[in-house]
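Here is the structure we will look at.
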Number of protein chains: 2
Amino acid sequence: MNITIYDIAQQCNVSIATVSRVLNGSSRVSEKTRAFILQTMKDMGYKPNPFARGLGLDSMKIIGVICTDVADIFYAHAVSLLEDGLRQHHFDVMLSNTGTDTGRNSKYITDLTAKHVDAIITIGTPFSSEADIRQLQKVAETIPVITINSDYHQPNMYSVVCNEKEGMRSAVHALAKKGCQSVLYLYDALTYSGRHKLDGFREGIRELKLDASAKLIQQIPRTLAAAEAIIDRLIAADVHFEAILTSEDVLAVGAQRAALRHGHVLPVIGCNNSILAQCATPTLSSLDNKLANLCAAAVNLIIQLTETDGAAVPVRTEFNAELVERESFQSRP
Amino acid sequence: MNITIYDIAQQCNVSIATVSRVLNGSSRVSEKTRAFILQTMKDMGYKPNPFARGLGLDSMKIIGVICTDVADIFYAHAVSLLEDGLRQHHFDVMLSNTGTDTGRNSKYITDLTAKHVDAIITIGTPFSSEADIRQLQKVAETIPVITINSDYHQPNMYSVVCNEKEGMRSAVHALAKKGCQSVLYLYDALTYSGRHKLDGFREGIRELKLDASAKLIQQIPRTLAAAEAIIDRLIAADVHFEAILTSEDVLAVGAQRAALRHGHVLPVIGCNNSILAQCATPTLSSLDNKLANLCAAAVNLIIQLTETDGAAVPVRTEFNAELVERESFQSRP
DNA sequence: TTGTATGCGTTATCAG
DNA sequence: CTGATAACGCATACAA
């Protein structure tokens, strides 16, 4: 079997207690024996058993990360950033894809807590039903729960968000300054993030007294095809718009392509500032929601909450979005 | 503290052994007591402690997944597929991003095995140096190691690959049939996959006696900008090519865009058949390397190797690539 | 079918 | 500074 602290204790003529002490770095051990023990640990190729360690400490330094779909470029980027940050603090990441939010996703929470993860980070809105949120809240009583781009306003939960409402609002202002009088808004879902973006859009429209026609706000699936289809349909129906704003880059890509096919050259702004925006022709402007900042903040919270006593950590951390202008922004309506 | 089998044993007036038995489903327990125990487990909200369980079974049903970068759309998709498949068999996924292959990535292997994962799946080529591979081989003596799109030809390692060589070869044939006499090939790295694609390209060129000029094979970074730059440079240098083939969709996107900017309308074929190919205008043809099949096969291997005795599992599983034709393929040189 | 007793590898609490 | 020894929660060989 594997080699244990008993083996190296015996080899060093000490008790397992002292071995355990040098293992945990802490406590008082004579420099001489510590060095000796460390050496023989290397020599014998000793590796502490994580399960036994977990039993004693009730922790295996694992963080559960939950999102609806890592295949989505945005979540993938977030997971990548979180993984990198957490690894630097010797945490491992256990990934959980819920798929679309069915309202009965609490099993993913249960699964993760059953593994006794040290904390949970959610990205986006994997949970929206009352039941799921209640479950998440219950978990939060035991371990830190950090939500990126969500805010359940529950005790013991920490929220890290980008102010996308303000971002969308400023995007509308930017378009207006270009001379656009009517802006089409395409969105996919009313998640926390989705709702705020829509609110920001509406606020911008209202403030500037732009065309507030209901037809200029359309909800569609998060796919290229859906975006192209809706543009085709609106143009066929003679709906007039002088710019397009979307809740997601992929929608902007499809919308711009369809519009161009109809000869409509107009400013298009996506959201998330993913590589998709750069793949389109012309390249798409996009609202950057500062994912790197969000993830870094989440990692910091984890560290604070698990390694220190986490007395004074912010319940809510907020960043500003930033409009990244590209070719699509040069287009005049 | 948490509630244990002792608690429910006491509540049911049985020994912890019987409780443990119903927990493991196995063994012979009277249907009556089993039902009773199961009920009180529910009532008391009992959750088995994974660390204790791990100590006894030396397994926590966790699979380590390693790739260079989940932020990359291709790896992200793979991770998503693996996670879904493994979850259905009650495995959790522990993610490891190595970043670029530095040749000294074995620490990621060590980290993962230190957590006693049940198996390791690598995607792409996170390890290429002698030392790293040796380390991986050593791990393979203990747990199953499955490599997707790599083949180290080591004992106890299982390889799942797509025959991209043949795929690239057939792509060249398809272009030739369109009348192209000279094909530009752009690639980013000579990973296992990268090498085979290049080999397939070369073979196709040779077979059909197409233009085999060295200038028609270019290695560049895996970025849009790099692809655009090389096209600009080649055209400036009067290098003649009638079609473009790339090792990665993102390169195809950039290359097509740059070519179009110069007024060159020609067939462009990417690889991986990611959403990037569909975001380009015109939409890009792409060599689909059947990631879903690869991942499903990997999951199957894991199940066979961990749950059965895994006596007769294939050491190498191979799928064929498929050329997906889109608008970019209609373009005539 | 059920119970007893021991092992799994660490951590932590006592004494010395 | 160091050594016994008791948890930690569960699995299991051996008895009954």
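Protein chains get the first letters and strands the later ones, always in sequence-line order, with residue 1 at the start of each.
Listed nucleotides dT11(C), dA11(D), dG3(C) differ in distance to N24(B); the shortest reach to its side chain belongs to dA11(D). Checking dT1(C), dG3(D), dT11(C) against every side-chain atom of S30(B), the shortest atom distance belongs to dT1(C). For N49(A), whose side chain is taken as the heavy atoms from C-beta onward, the closest listed nucleotide among dT2(D), dT10(C), dC10(D) is dT10(C). Side-chain proximity of L55(B) to dA11(D), dT10(C), dG9(D): nearest is dG9(D). Here dT10(C) is the nucleotide among dT2(C), dT10(C), dT2(D) with the atom lying nearest to any side-chain atom of P48(A).
Residue T4(A) is classed as a sugar-phosphate contact, given heavy-atom separations below 4.0 Å to backbone atoms only. Residue contacts shown for F51(B) are absent, as no nucleic acid heavy atom lies under 4.0 Å away. Heavy atoms of D7(B) sit nowhere under 4.0 angstrom from any nucleic acid atom. Nucleic acid contact class of I5(A) (heavy atoms, under 4.0 Å, all strands): base. Counting non-hydrogen atoms under 4.0 angstrom, S20(B) reaches a base of the nucleic acid. Residue K32(B) is out of contact with every strand shown, counting any heavy-atom pair closer than 4.0 Å.
For D43(B) and Q39(B), the side-chain atoms include at least one donor-acceptor pair closer than 3.5 Å. Side-chain atoms of S59(B) and D118(B) form a donor-acceptor pair, as typed in the model, at a separation below 3.5 Å. For the 3.5 Å distance criterion, the side chains of T102(A) and N105(A) qualify, holding a donor opposite an acceptor. Donor-acceptor pairing under 3.5 Å is recorded for the side chains of S128(A) and D101(A).
Distance I16(B) CD1 to dT2(C) C1': 13 Å, rounded to the nearest Å. Note: CG (L23(B)) to P (dT2(C)) measures 16 Å, nearest angstrom. We find that NE2 of H116(B) is positioned 14 Å from P of dC8(C), with the value rounded to whole Å. When the C1' atom of dC8(C) is taken as reference, atom CD1 of I3(A) falls 16 Å away, rounded to whole Å. With rounding to whole Å, M41(A) atom CE is found 10 Å from dT10(C) atom P. Computed from coordinates, the R21(A) CZ to dC1(D) C1' distance equals 8 Å when rounded to whole Å. Taking atom OH on Y6(A) and atom P on dG3(D), their separation rounds to 14 Å, with Å as the unit. Distance, I37(A) CD1 to dT2(D) C1': 10 Å, rounded to whole Å.
Two residues are said to be in side-chain contact when any heavy atoms from C-beta on lie closer than 4.5 Å; N24(A) and R53(A) meet this criterion.
Along DNA chain C, the nucleotide nearest N13(B) and the nucleotide nearest L57(A) are compared for position; the residue whose nucleotide lies closer to the 5' end is N13(B). Nearer to the 5' terminus of DNA chain C, by closest-nucleotide assignment, is the contact made by V14(B) (compared with the other of A52(B) and V14(B)).
At a threshold of 4.0 Å, the pair R316(A)-D151(A) counts as salt-bridged, since one of the basic side-chain nitrogens sits closer than that to a carboxylate oxygen.
Contact annotation: T33(A) does not reach the phosphate of dC1(D) (side-chain N/O to OP1 or OP2, under 4.0 Å). Look at R53(B) and you won't find any side-chain N or O under 4.0 angstrom from OP1 or OP2 of dG9(D).
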